[in-house]
Amino acid sequence: MTRGSGKRPSPAAARTSKSDLLEAGTRDHYQDAALYDFEYSDRVEDIRHYRALAGEVGDAIDVLELGAGTGRISVPLARDGHRVTALDACDPMLQRLRDTLARITVAGAVTPQLGDMRALTLPDAAYDLVIAPFNALMHLYTWTELLACFREACRVLRPGGTFAFDVQMPDLEWLRWDPEVRHAVTRFVHPATREKLVYSTNHRYDAATQICHIRIYYDEAPPSGRRFAPPPVPRRLVHLAHRQIFPEELRMLVATAGLELGSLTADFRGRPLADAEDSQVAVCVKPR
Ligand SMILES: C[S@@+](CC[C@H](N)C(=O)[O-])C[C@H]1O[C@@H](n2cnc3c(N)ncnc32)[C@H](O)[C@@H]1O
């Protein structure tokens, strides 16, 4: 509805469009799995972190990755000899993982599994380590969904097992940026189609739901030397919805699910949360 039209959407219509937006916000970004791997190929610190953590938990352990995607982290864990269940709700991401597994040999094993991290069809006390890397938990849009997931993680862990994850630290200044201005304008060549494209993004934050609605635009690149001007209709628009999780909320989720928070730091190097505002990197333990 445009402003001043005098009509209000019916509550049912408003609900539908909101849930459509959240569905797109979980799905869109993960349809082009080759592009996903390309966009995050320089993200390596988290891989090191989860490998080191698994090594501390033990040799050849049972790991469950929630929101495992293309296996960016599951595959290195399996190379280290661990047995990994790689669970994800998005089949194109898991298909890319299956394709990778068909090409390589790993010392351990990876079992891709299509599933929902809010309701796992996995047995109790089957894993030594459950991980949810790289903002996967930010796709759970209410505290009830988050708590369901934390409880599931606790249920499938063996007593003494570890639940580890990382999510963004809410950046209140960034969240309030002008939703119309395009940021991060970057030329690139699509890794599969070889099209010359321009990436740009903006976002709108809904403080009532704590959800940040990010729009990622993929437009045709202008000839080199010519400045990019966003076209009126984007070539491809990807919606990415991220619920912001505040530190005290996170501590409450951990405790309410029956876990103990071992550490909560601002990055993978262990900087204290008070000194930096990058991420929230958590390591929790299920009591024995
Ligand atoms: C940012 S990606 C992270 C992928 C991978 N962990 C990595 O580090 O590259 C988030 C993943 O969570 C998955 N996801 C979102 N909601 C989910 C849910 N309810 N259950 C399972 N997976 C989900 C998405 O499909 C996506 O692959």
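Order of appearance sets the numbers: ligands from 1, and atoms from 1 within every ligand. No hydrogens, no waters, no symmetry mates; every other heavy atom, side chains included, goes into these values.
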Looking at Y199, is R187 sitting on its ring face, NZ or CZ under 6.0 Å from the six-membered ring centre and within 45 degrees of the normal?
no

Looking at [X] and [Y], does any basic side-chain N land under 4.0 Å from a carboxylate oxygen?
X: R43; Y: D166; result: yes
X: R251; Y: E248; result: yes
X: R269; Y: D267; result: no
X: R243; Y: E145; result: no
X: R72; Y: D37; result: no
X: D275; Y: R271; result: no
X: R235; Y: D219; result: no

Atoms of ligand 1 close to [X] [distance to a heavy atom under 4.0 angstrom, numbered from 1]:
X: T26; answer: 15 (C), 16 (N)
X: H139; answer: 15 (C), 16 (N)
X: G115; answer: 20 (N), 21 (C)
X: C90; answer: 25 (O)
X: G69; answer: 27 (O)
X: E65; answer: 5 (C), 6 (N)
X: D116; answer: 18 (C), 19 (N), 20 (N)

Under-4.0 Å heavy-atom contact with ligand 1, by part of [X] that carries it:
X: Y30; result: side chain
X: A132; result: neither
X: Y36; result: side chain

Can you classify the ring geometry of F134 versus Y36 as parallel (below 30°), tilted (30 to 60°) or perpendicular (above 60°)?
tilted

Check the angle between the aromatic planes of F165 and F163 and answer parallel, tilted or perpendicular using the 30° and 60° thresholds.
tilted

Quick one: look up the protein heavy atom nearest [atom] and list residue, atom name and how far away it is.
atom: atom 23 (C) of ligand 1; result: M117 CE, 3.5 Å
atom: atom 12 (O) of ligand 1; result: G67 CA, 3.5 Å
atom: atom 8 (O) of ligand 1; result: R72 NH2, 2.9 Å
atom: atom 22 (N) of ligand 1; result: A89 N, 3.2 Å

Consider ligand 1: state whether an atom of it lies below 4.0 angstrom from any non-hydrogen atom of D88.
yes

